[in-house]
Number of protein chains: 2
Amino acid sequence: MSDSKMRRRGAATIDLVLCAVRQGRVHVLVVKSGRAVALPFRWADDGASLEAAAQDLARTHTGHAASWLTAGAATTSKRHPSGAVLTVPFVGVVGPTAAARAGAAWHPLDALPELAPRQRTMAESALGTLRLHMDLAPVAFRLLAPVFTLAELQQVYELLLGRRLHKASFRRALQAAYLVAPTDEWRSEGRGRPAQLFRYAPSKRRGAHRSVRFDLLRG
Amino acid sequence: MSDSKMRRRGAATIDLVLCAVRQGRVHVLVVKSGRAVALPFRWADDGASLEAAAQDLARTHTGHAASWLTAGAATTSKRHPSGAVLTVPFVGVVGPTAAARAGAAWHPLDALPELAPRQRTMAESALGTLRLHMDLAPVAFRLLAPVFTLAELQQVYELLLGRRLHKASFRRALQAAYLVAPTDEWRSEGRGRPAQLFRYAPSKRRGAHRSVRFDLLRG
DNA sequence: TCAATAGTGTCTGTTAGACATTATGGA
DNA sequence: TCCATAATGTCTAACAGACACTATTGA
């Protein structure tokens, strides 16, 4: 590899903010390097595409590729002594079952550990990035298992939007958007009536897929 | 400068999709190089920030800095023979009075000239980028002069959203959002009653700045 | 005057959100 | 049986969109 020679050719790094919902909160993946923690990052090799490199980061630390991924605005930094390098920040999501491998850990987004200033900024803006894309991309659904209850889906929407939604209105809007289809499975969660499981199944049929609107309030 | 040596250190290029509204249509700035046309681009110098470099591009070709600017997702390309380089695409807007300098020209976005495939993709996605940000950033207002009529503002919204809006509803939503303030100036445009001029003046006061919602249709 | 555009008040069908009720499981 | 959660029906205040009307200029 002839380390720094080869790798410096692209002169860019990939930083990844990988998000998942665990125990009702948004978590981000961090890697432990000695005593400190940091977001996963790597040098961009010349060969691979940037997105492939980011996916490789996700696979390395969780065993799963991100189920949705987007690149953010690149910035210059002085991370390397021999000159400025470009940092390309990625924001991705994985489902709730992806475990952190050795050396990595999930950390609540609303109580981040000590991070480098730039990485802290990236992590804090990740939620806004997800919110920005959730109307046009299936971000919320990629944070869930392939089948899910409507309560789980509503919880993800509430986490992304940062506010409580109204249950009946949420389901009406969902129905009007033709985004989910019921399965014939049900799941019993402790007490109470079992919930029907749904899957993500966007449909073009009649009604031209109105995007899900939520001015909804309260619970 | 010892050309390629110095400039290659960052190994990245800036591409700029600069947008403006002229004669009721969205235009993008292109530069003529010989017979072909291309989007403005330059190598990223080590010293300047990427955004500063993009602004420099705007100033070079129009004399004005972009009044709003955002960086998109970086991609790798093979533009340079000595290896892959990163391309950081910027999307920016300028007001309606910015003129194209010699060597550059405004071109309608809906009838683009022959461009390199990647640049064509960038230009075509620019409108989507503006639409994505217009709810959180004053994109629409930066496409206008400091003072403007409500008809002009509505036209910009219609261009960005790609559909006609309802006049009365548009103004009601605008009032509820506390985004504009009237001036004491009026402008007479040919026949008809003169229009009052407004300026962008977002306010936090009561009603917590509900973002402008438009499910509005028709004219 | 007429024509053209700006700006506003009123009406109505639609719907977000509140509320109540039924359904179905576990304890 | 009681409790907890799912799912759904009904009601109402709010509002998007339609429409009509007034206001104010140039021709």
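Two residues, Ala168(A) and Gly190(A), neighbour DNA chain C, and the one matched to the more 5' nucleotide by heavy-atom proximity is Ala168(A). If Pro194(B) and Glu189(A) are placed on DNA chain D by their nearest nucleotide, the residue sitting closer to the 5' end is Glu189(A).
Side-chain contact of Glu51(A) with Gln55(A): a donor-acceptor pair under 3.5 Å is absent, judged by distance alone. Using a 3.5 Å distance cut-off with no hydrogens or angles, the side chains of Arg187(B) and Thr149(B) do not pair a donor with an acceptor. Using modelled atom types, one finds no donor on one side chain facing an acceptor on the other under 3.5 Å when comparing Thr121(B) with Arg118(B).
Counting to the nearest Å, the C1' atom of dA20(D) and the NE2 atom of His166(B) are 11 Å from each other. Rounded to a whole Å, the CD atom of Gln175(B) is 13 Å from the P atom of dC15(D). Here dA6(C) presents its P atom at 12 Å from CG of Leu197(B), a figure rounded to the nearest Å. Atom C1' of nucleotide dA6(D) and atom CZ of Phe198(A) are separated by 10 Å, given to the nearest angstrom. Regarding Phe170(A), its CZ atom lies at a distance of 21 Å from the P atom of dC19(C), rounded to whole Å. Going from atom CZ of Arg187(A) over to atom P of dT5(D) covers 15 Å, rounded to whole Å. Computed from coordinates, the Phe148(A) CZ to dA6(D) P distance equals 15 Å when rounded to whole Å. Following rounding to the nearest Å, Trp186(B) (CH2) and dG26(D) (C1') show an atom-to-atom distance of 17 Å.
Side-chain atoms of Ser169(B) come within donor-acceptor range of the base of dG17(D), with a qualifying N/O pair under 3.5 Å. Between the side chain of Arg172(B) and the base of dG9(C), no donor-acceptor pair of N or O atoms lies under 3.5 Å.
Looking at the side chain of Gln196(A), the nearest of the listed nucleotides dA6(C), dG9(D), dA7(D) is dA7(D). Each of dC19(D), dG7(C), dG25(C) was ranked by its minimum atom distance to the side chain of Arg193(B); first place goes to dG7(C). Considering only side-chain atoms of Arg191(A), the nucleotide from dT5(D), dG26(C), dA6(C) that sits closest is dG26(C). Of the candidates dT24(D), dA23(C), dG7(C), dG7(C) carries the atom nearest the Lys167(B) side chain, counting heavy atoms from C-beta on.
Rounded to the nearest 0.5 angstrom, Leu112(A) CG and Glu124(A) CD are separated by 6.5 Å.
A salt bridge links Asp56(A) with Arg42(A): the distance from a Lys NZ or Arg NE/NH1/NH2 to an Asp or Glu carboxylate oxygen falls below 4.0 Å.
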